[in-house]
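Input: a single structure, listed below in structure tokens.
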Protein chains: 2
Amino acid sequence: MSKSETVSAASAPGPESVVPCCPPLDERPLTAEEAETAARMFKALGDPVRLRLFSLVASHKGGEACVCDISDVGVSQPTVSHHLKKLKEAGLLTSERRGTWVYYRVEPSVLAAMGRLLTTAAARK
Amino acid sequence: MSKSETVSAASAPGPESVVPCCPPLDERPLTAEEAETAARMFKALGDPVRLRLFSLVASHKGGEACVCDISDVGVSQPTVSHHLKKLKEAGLLTSERRGTWVYYRVEPSVLAAMGRLLTTAAARK
DNA sequence: GGGCTACATCGACGGCCATCGAAGCAATGG
DNA sequence: CCATTGCTTCGATGGCCGTCGATGTAGCCC
């Protein structure tokens, strides 16, 4: 059961646990649970192929892209699908089927949370 | 020219003349090389234990901590040393021996580069 | 229906990685 | 010089993960 939150109700239930996650890294030591949550997101971007796929979606016009637009990253099509699933499970992407194609789109809130986790630490220096 | 960009490095040379590594994730698709470099950094923070260790160093008074201060994360001491080595290899931490103890300290420039990679993408939304 | 395209899932394989105990190196204190 | 403490390195092991070909499913078109 996902916590009631300001999640856009239009989308499917999807993977829950989409939260601000954690305080800035230099504010307080992360607890074991916080580290587990945050590490899962960083881990999702810790693969070159996934990072390229994510960047391809994020930089695509309209903020979304179908798999056929981004599947030229040097690996087979099943592998692309596998990585997109990983990114979706990490809460970084959402997918929606429209007719023949499946469109992927970035989840801005999670991305902002990750950025805040890092930039605040640097800004306070 | 109006200040359409909130980038702090408008004219200042900046102490961080180091390579920013990559453009923001939503600006242009990353190349294979860029993705390889950036993924290496994200991967370093993609482990819960490493993330806790990094947070412990970053939040410690004085901006540095010896291993004895942060080795209580639930794993053996050799494992702690192993993870600290990984963080150092990723360029996120630096170490210095002073007498009996070895002190670790965060590398602000690399941290800032990672944050910029994420926050710019979110801020431009 | 038949065929085609777009994408996901399955099963398997190879390699990387987190973890540990044991041992090694460094510095201090007696 | 020896013992002790702080930390790193070594070697081994178990598990996770990225990758693939084959197969399955969903939607479009003739």
Side-chain angles (χ1 to χ4, degrees), chain A residues 12-15 30 32 35-57 60 62 64-90 92-105, chain B residues 30 32-33 35-57 60 64-90 92-105:
Chain A
L30 295 182
E36 202 86 31
T37 302
R40 202 176 304 129
M41 304 189 300
F42 282 116
K43 193 176 187 178
L45 294 182
D47 181 88
V49 175
R50 276 198 294 270
L51 200 51
R52 285 186 75 186
L53 288 172
F54 187 84
S55 178
L56 278 163
V57 173
H60 205 264
E64 66 179 11
C66 75
V67 183
C68 56
D69 290 328
I70 61 177
S71 50
D72 191 20
V73 287
V75 294
S76 69
Q77 183 271 325
T79 302
V80 170
S81 198
H82 166 72
H83 284 306
L84 289 173
K85 185 180 182 181
K86 282 291 189 74
L87 287 168
K88 206 167 73 174
E89 288 174 350
L92 295 174
L93 290 180
T94 59
S95 67
E96 177 195 2
R97 175 160 215 140
R98 289 205 298 272
T100 305
W101 297 277
V102 176
Y103 290 88
Y104 280 83
R105 158 182 308 272
Chain B
L30 296 182
E33 293 181 2
E36 203 87 31
T37 301
R40 203 176 303 127
M41 302 190 300
F42 283 116
K43 192 175 186 179
L45 294 183
D47 181 89
V49 175
R50 276 198 293 269
L51 201 50
R52 285 186 74 186
L53 288 172
F54 186 84
S55 178
L56 279 163
V57 172
H60 205 264
E64 65 179 13
C66 74
V67 182
C68 57
D69 290 328
I70 60 177
S71 49
D72 190 20
V73 287
V75 294
S76 70
Q77 191 273 328
T79 302
V80 170
S81 197
H82 165 71
H83 283 305
L84 288 174
K85 185 180 182 181
K86 282 293 190 74
L87 288 168
K88 204 167 73 173
E89 288 174 350
L92 296 173
L93 291 181
T94 58
S95 67
E96 177 195 1
R97 175 160 216 137
R98 288 206 298 273
T100 306
W101 296 277
V102 176
Y103 291 88
Y104 281 83
R105 160 183 306 273

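Chain identifiers are assigned alphabetically (A, B, ...) following the order of the sequence lines, protein sequences preceding nucleic acid strands; residue numbering begins at 1 within each chain.
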Can you give one letter per nucleotide of nucleotides 21-28 of chain D, going 5' to 3': B for a protein heavy atom under 4.0 Å from the base, S for sugar-phosphate only, - for none?
-> BB----SS

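- In this model, the phosphate group of D/dC7 is not approached by any side-chain N or O of B/H82 to a distance below 4.0 Å at OP1 or OP2.
- The shortest side-chain heavy-atom distance between A/E36 and B/P48 falls under the 4.5 Å cut-off.
- To the nearest 0.5 Å, the span separating CG on A/L53 from CG on A/L92 amounts to 12.0 Å.
- Separation of atoms CZ (A/R50) and OG (A/S55) is listed at 15.0 Å; rounding is to 0.5 Å.
- A heavy-atom distance below 4.5 Å is found between the side chains of A/D69 and A/H60.
- Without hydrogens or angle criteria, B/S71 side chain to B/V67 main chain gives a donor-acceptor distance under 3.5 Å.
- In the 5' to 3' direction, nucleotides of DNA chain C lying under 4.0 Å from heavy atoms of chain B begin and end at C/dC17 to C/dT28.
- Remark: B/D47, B/V49, B/R50 in residues 44-51 of chain B come within less than 4.0 Å of DNA chain C through at least one heavy atom.
- In this structure, B/T94 has no side chain to side chain donor-acceptor pair (under 3.5 Å) partners at least two apart in sequence or on a different chain.
- Every residue was checked against the side chain to side chain donor-acceptor pair (under 3.5 Å) condition with A/S81, not counting sequence neighbours, and none meets it.
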For residues 97-104 of chain B, please give each side-chain donor-acceptor pair under 3.5 Å, one per line with the distance, not counting sequence neighbours.
unit_1 : atom_1 : unit_2 : atom_2 : d
B/R97  : NE     : B/G99  : O      : 3.3
B/R98  : NH1    : B/E96  : OE1    : 3.1
B/R98  : NH2    : B/E64  : OE2    : 2.6

Between protein and nucleic acid, restricted to nucleotides 11-16 of chain D and to nitrogen or oxygen atoms under 3.5 Å apart, what atom pairs and distances do you find?
none

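- Note: NE2 (A/H83) to P (D/dG18) measures 6 Å, nearest angstrom.
- The list of salt bridge (Lys or Arg N to Asp or Glu O under 4.0 Å) pairs with a residue in residues 71-90 of chain B, not counting sequence neighbours, is empty.
- Not counting sequence neighbours, A/H82 has no partner by the side chain to side chain donor-acceptor pair (under 3.5 Å) test.
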Just list the side-chain donor-acceptor pairs under 3.5 Å for residues 37-45 of chain B, sequence neighbours left out, or say none.
unit_1 : atom_1 : unit_2 : atom_2 : d
B/T37  : OG1    : B/E33  : O      : 3.2

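- A/R52 meets the side chain to side chain donor-acceptor pair (under 3.5 Å) test with no other residue; sequence neighbours excluded.
- Counting non-hydrogen atoms under 4.0 angstrom, B/Y104 reaches the backbone sugars and phosphates but no base.
- As judged by a 4.0 angstrom heavy-atom cut-off over every strand, B/K88 is placed among residues making no nucleic acid contact.
- By the side-chain contact (heavy atoms from CB on, under 4.5 Å) test, A/L56 is found to be paired with A/I70, A/V73, B/P29, residues two or more places apart in sequence or in another chain being considered.
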